[in-house]
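First listed ligand is number 1; within each ligand, the first listed atom is number 1. Residue numbers run from 1 in the order of the sequence given.
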Amino acid sequence: MWKTILEGGISSIMKRKISMPYWCVGNPVGDPFGPGVLNKISSLEVTDLLVEARREGLIDFTAAHDCDLVPWDPVNNNDDQDESSSVFQTLKSIKEKLGKADIQFKMISCNLHADPVFRNGGIANPDPRIRILAAQKVMRALRIGHFLGAEYFTYWVARDGFECQFSVPWENTYRFLAEGLDLVSNYVQEENLGYRGGTVEYKPNEPRGESFLPTVGHSLALISRLKRPDFWGVNPEVLQHDQMTGLTSVGAVAFAVAAGKLFFIHVGNQKPNQFDNDNPPLIGMDGVKEFVSILYILERMAWEGYVEFDNHPLRTDTAPGGENRLNVRRDYIRLAVESYKAAETKAEELAQDEKIQSAQRKIWETDTQAEKALGSGSLSEVDAYRCDYQSLVRERLGIGELDLLIARRLFGQ
Ligand code: XLS
Ligand code: MG
């Protein structure tokens, strides 16, 4: 894939569409050691902020968990279908406001992490009665998403995980996960809900000590065993979810694109090996080079997806008080989008930079004969090819030179 694109040059530079979800804008920015520092706002107020951001050309799409929009009452799980319910009325107003502002509602996710009944998991909870509750809530979320025009349903692994090894029915756990995800595609098909697909959002830990789907590899392997593998893809959260455990998001997104399974990405910033930082792109301790390189790679691999923010204001950048509740969030939306765009612009520049391309060609220097032999599948051609070992072993690749060039470009030199 790399080679084909390199040969063709990088012609189409595109600005990716941006989705700003409800939970990012509404986040009161609490942490385990202190409550939220922003006063709460309602889903209609979040909608109004999104409408403003759209008017200013900052965003294109949005997304939400069911509970970001309307509350959930487990004994009244079908309230979304009752036109006289306050849930229906709220959804209707949200739909009208988004429609008028031309904001596409892209993705719905089912919140299976906040309600205490799901404290030991959602779709993979060992208790079948709780898995039923999760399934009912998922179906309601799918209906809500459909009502708002969602294209994707996202399953974030959330509380499907463990702290204590002996508490997990391991012989059944992955079947529970598969049943939960199969129920999504079944419901979408039976009710003709028109989703383009579902995504698995893996995460190594947090809120659980360990999660059942910690990596892109786990997710794609699980997807390959579902009833509708074609329906499912992944939405890695870069840089956070891979880099929380010291893996790299760079390989994760490249692998997902190569597999045709990268439906969209969540973006933010992360210092490796820490708790889920969820800082806006480029903001914080680390991650500039990693993030720019991911956007660069997606450009080179001609990936056509969109980016969805999954981050929140720095807690230190907020201020409590009713008078600040909208302005701080307004500032956050602008800052997050501008940070992202700064990285995107740099990635595009790098993708067009001829010096970089020629340094890369030196490293990837190719030999048509050898390439052909490997690609032919013919073992005798491979066997017959004669390598010039002495020159290959002495070759200087210039990888450090390339990286110095990249560093200079990042510093604007
Ligand atoms: C949490 C996740 C979550 C999902 C949506 O870490 O990123 O917010 O994106 O359920
Ligand atoms: Mg996310």
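Of the possible donor and acceptor atoms, one in the side chain of Asn269 sits under 3.5 Å from a partner among the backbone N and O of Ile283. In this structure a side-chain-to-backbone donor-acceptor pair under 3.5 Å is missing from Asp286 to Gly284.
At least one cation-pi condition fails for Lys17 and Tyr306: the charged atom is not both under 6.0 angstrom from the six-membered ring centre and inside a 45 degree cone around its axis. Cation-pi geometry between Lys106 and Tyr152 is not met at under 6.0 angstrom from the ring centre and within 45 degrees of the axis.
Shown are the protein N/O/S atoms under 2.8 Å from the Mg ion (ligand 2), given by residue and atom: Glu201 OE2, Glu237 OE1, His266 ND1, Asp310 OD2.
In terms of heavy-atom proximity, Phe264 sits nearest to Met107 at CZ-CG, 3.9 Å.
Counted within 6.0 Å of CZ on Arg225, heavy atoms from surrounding residues, nucleotides or ligands total 12 or fewer; the atom is thus considered open.
Between Tyr22 and Phe105, the two ring planes are tilted [angle within 30° to 60°].
Pocket lining of ligand 1, defined as residues with a non-hydrogen atom under 4.0 Å away: Trp23, His65, Ser109, Trp156, Glu201, Lys203, Glu237, His241, His266, Asp276, Asp310.
For Trp23, the ring-ring contact (aromatic ring centres under 6.0 Å, His included) partners at least two apart in sequence or on another chain are His65, His266. Shown here are the salt bridge (Lys or Arg N to Asp or Glu O under 4.0 Å) partners of Asp403, two or more places apart in sequence or in another chain: Lys289.
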